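Predicted model only: the values in this text are computed from it and were never measured.
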Amino acid sequence: MIHDRQPTHNRYYFALLAANMVFIAFFGDMKGVMAVSIKETLALMDSALSMVFFISSFGYMLFYFVAGKIASRFGYKAGYALGFFLVLVSGLLFSGVESLWQLLVLSFVQGAGFGCLTILSNAIVPVLFPKTAVSHMNLFHLFFALGSAVCKPVIGYALAGGMDWRTLFLIGACGSLVLLPVFLRVKLPGGEGVIVTPDGTPGASKRVSQYMQTRVFWLFILTMGCYLISESLTTNWFVNYAWEGYGVDTSTGANYLFLFFICSTAGKLVFPPLLTRFGHRYLIPAFAVLAGAITLAGVLVGKSGLWLIAGAGLFFSILYPTVLVQVSEAFPGNTSSVLGTMGMIASMLNMLSNLAVGSVNVALGVRVSYLLIPFALFAVAALTLYLGLRRERRLK
C-alpha cells in the first residue's frame, strides 16, 4: 500500500506536491496580472473583465466540490488527471482566443482545472503524511505563497517585454503536460470506490449528507468562511482602503500589500515547528486573536496603522492550512469529499462578503467596512477554540 512508505518515497511525494503547489499558484494566479493586456487585446470593458473573473471563480468553486467527490469515489489519481487535463486543454485553446465568449468558456474550464488540483492537494496531505500533517500542510502552502509571489513580477516583466498573454497560457499548458504523466505514474491513495483515511486504512463510506446533519460540519464551514473573508478582504481591498481612506497612491498601497504577503510567507516558514511542538488546538486561536487585534489596531491608529495591517500577515500565515488538517481529523473517512463540499460553501460566503463590502464602502466608508476583517478573525479564534476543546473532550 502507499502508506507503507520509506523515507525516499516521502521525499518524492513531498517534491511532487511542492512542485504542484507552485504550478497552481503561478499559473492559476496570473490572469489578474494580465488584466490590462487582455482588456486591450479584446477591447473589453471593466464589466466584461469582472465577468471573466467571476466565471473563473465559479468554475473553481464548482470543481473544488466535484473533484472531492471524484477522489472519494475513484481515487486521487482520477481527480488529478481531470484537473491537469482541463488546465492543459484550456491553455492550448487560449492561444486562439479572439472574443469575449471564448475567453469566458476557457476561463471557466481553466478555473475548474485549478479547483480540482487545489482541493486534491489539500485533501491528500493528511493521507500521505498522517503523523506530520500540520507541518506539511503549512510547508506546502508556503510553496503556494512563493509561487504566487513570484508570479506577479515574472508575468509583469514578460508582458512588458512584449510577450503575448496567450503565449503565457500556452506555457501553463506545457507545465500541465509535464506534470500529468508524472501523477499518472505515481501510486496515489484510493481508487475503485475505496475511501482512504489519514491513517492509511480503508474508511467507511459515510455520505457527506450524513455529516451535514451534524453541528460540527457547519461550524467548520463557518470557520473556513470567516478566514477566507478576512484574507480575501485584506488582499482585495487593502489598496483601495489605503487610497480612499488616507490618499495613499496605488503603487504605495501595492507595496503594503506585498509586505503583507511577505509576512505571511515568512510565517509559513517559521511557525510550523511550533505547531509540531505545542499542537494546534490552542496555538491557532491565539494566532487568530493576534491577527485580528493587530489589524484592528491598524484601523484605529489611522494612516500609520497601514504598517500594522501589513504586519498582521505574519499571524494569518498558518491559520487556513491548519484548519484544513483539523477537518481531516474530524472527518477521517471521507476527507476529500468533505473538504470539497465545505470549500464550496465557504467560498460562497466569501463571494457574498466581497459584494457586501462594496455597498458598505459607499454607505459608511472604507474604515467601517474594513472592521469586518478583525471581527472575522476573532470569530475564527472562537470557533477553532471551541472545536479543539470539543475534540479534546471526545478523545478522553
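Relative orientation of the F140 and F14 rings is tilted, given thresholds of 30° and 60° on the angle between their planes. Using bins of under 30°, 30° to 60° and over 60° for the plane-to-plane angle, the ring pair F84/F23 lands in the tilted bin.
Remark: the backbone N or O of V325 is paired with a side-chain donor or acceptor of S328 at under 3.5 angstrom. The closest donor-acceptor contact from the side chain of T41 to the backbone of I38 lies at 3.5 Å or more, if one exists at all. The closest donor-acceptor contact from the side chain of T384 to the backbone of A381 lies under 3.5 Å. With hydrogens and angles disregarded, no donor-acceptor distance shorter than 3.5 Å links the side chain of K69 to the backbone of T341. No side-chain donor-acceptor contact under 3.5 Å links K268 to the backbone of N138. Remark: side-chain polar atoms of S56 are not paired, donor with acceptor, to backbone N or O of V52 under 3.5 angstrom. Between the side chain of T167 and the backbone N or O of M163 there is no donor-acceptor pair closer than 3.5 Å. For T118 (side chain) and G115 (main-chain N/O), no donor-acceptor pair under 3.5 Å exists by modelled atom type. Under the 3.5 Å distance criterion, the side-chain polar atoms of Q102 are matched with a main-chain donor or acceptor of E98.
Side-chain contact between V105 and L93 is absent, with no heavy-atom pair separated by less than 4.5 Å. For the pair M21 and N122, the minimum side-chain heavy-atom distance is below 4.5 Å. In this structure the side chain of L372 reaches within 4.5 angstrom of the side chain of I229, judged on heavy atoms. Proximity of L170 to L92: side-chain heavy atoms (C-beta onward) are separated by under 4.5 Å at one or more points. M137 has its side chain within reach of P126: a pair of non-hydrogen atoms, C-beta onward, lies under 4.5 Å apart. By the 4.5 Å heavy-atom criterion applied to side chains, H141 and L324 are counted as neighbours. Side-chain contact between Y64 and Y60 is present, with heavy atoms from C-beta onward closer than 4.5 Å. Using a 4.5 Å cut-off on side-chain heavy atoms (C-beta onward), F65 and I345 make no contact.
Here L290 contributes atom CG and L283 contributes atom CG; the two are 9.5 Å apart, rounded to the nearest 0.5 Å. A distance of 7.5 Å separates CG of L222 from CG of L349, quoted to the nearest 0.5 Å. Taking CH2 of W165 as the start and OG of S95 as the end, the distance is 9.5 Å to the nearest 0.5 Å. If you take OG1 on T234 and CZ on F260, they are separated by 5.0 Å, rounding to the nearest 0.5 Å. Taking CG of L17 as the reference point, atom CD1 of I24 lies at 9.0 Å (rounded to 0.5 Å). I171 contributes atom CD1, which lies 7.5 Å from atom CD1 of I155 (distance to the nearest 0.5 angstrom).
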Determine whether F94 and L168 satisfy the following criterion, side-chain contact (heavy atoms from CB on, under 4.5 Å), listing intermediate values before the conclusion. CA-CA 9 Å; F94 263 120; L168 292 167; over 6 Å; no
Yes or no on side-chain contact (heavy atoms from CB on, under 4.5 Å) for S230 and V380, after CA distance, side-chain angles and deciding distance? CA-CA 10 Å; S230 64; V380 170; 5.5 Å; no
Quick one, L44 with L103, criterion side-chain contact (heavy atoms from CB on, under 4.5 Å). Give me CA distance, side-chain angles, the key distance, then yes/no. CA-CA 11 Å; L44 301 180; L103 184 64; 3.8 Å; yes
Checking side-chain contact (heavy atoms from CB on, under 4.5 Å) for the pair Y227/V323: CA distance, chi angles, key distance, verdict? CA-CA 9 Å; Y227 175 80; V323 169; over 6 Å; no
Go through the steps for Y241 and Y246 under the test ring-ring contact (aromatic ring centres under 6.0 Å, His included), then give the verdict. CA-CA 8 Å; Y241 167 76; Y246 307 106; 5.6 Å; yes
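Side-chain heavy atoms closer than 4.5 Å link hydrophobic residues (I, L, V, M, F, W, Y) into clusters, and following such links, possibly through other members, connects L314 to L269. Linking ILVMFWY side-chain heavy atoms closer than 4.5 Å, directly or via other members, places V87 and L184 in a single hydrophobic cluster. Residues L296 and I309 are members of one and the same hydrophobic cluster, defined by side-chain heavy-atom contacts under 4.5 angstrom among Ile, Leu, Val, Met, Phe, Trp and Tyr. Under the 4.5 Å side-chain heavy-atom criterion for ILVMFWY residues, no single connected hydrophobic cluster contains both I262 and L319. L275 and L389 fall into different hydrophobic clusters, where Ile, Leu, Val, Met, Phe, Trp and Tyr side chains are chained together by heavy-atom contacts under 4.5 Å.
Remark: F58 CZ is loosely packed, at most 12 non-hydrogen atoms of other residues, nucleotides or ligands lying under 6.0 Å away.
Between F129 and Y13, the ring center distance fails the sub-6.0 Å criterion. For an aromatic pair to be called close, the ring centres must be under 6.0 Å apart, and F114 with F63 fails this. Side-chain rings of Y80 and Y76 stay apart, their centers remaining 6.0 Å or farther from each other.
Closest non-hydrogen pair, A81 versus L180, comes out as CA-CD1, 3.8 Å. Residues T265 and A145 approach most closely at OG1-CB, 3.5 Å, considering heavy atoms. Closest of all the heavy-atom pairs between V125 and A133 is CG1-O, 4.0 Å. When all heavy atoms of A379 and C226 are compared, the closest pair comes out as CB-SG, 3.8 Å. Taking all atoms of both residues into account, the shortest heavy-atom contact from R281 to G388 is CD-O, 3.5 Å. M348 and M61 get closest at one heavy-atom pair: CG-SD, 3.6 Å.
For the ring-ring contact (aromatic ring centres under 6.0 Å, His included) criterion with F287, the lone passing option out of F316, Y282, F271, Y320 is F271. Results of the ring-ring contact (aromatic ring centres under 6.0 Å, His included) test with Y211 over F217, F220, F331 single out F331 as the only residue that passes.
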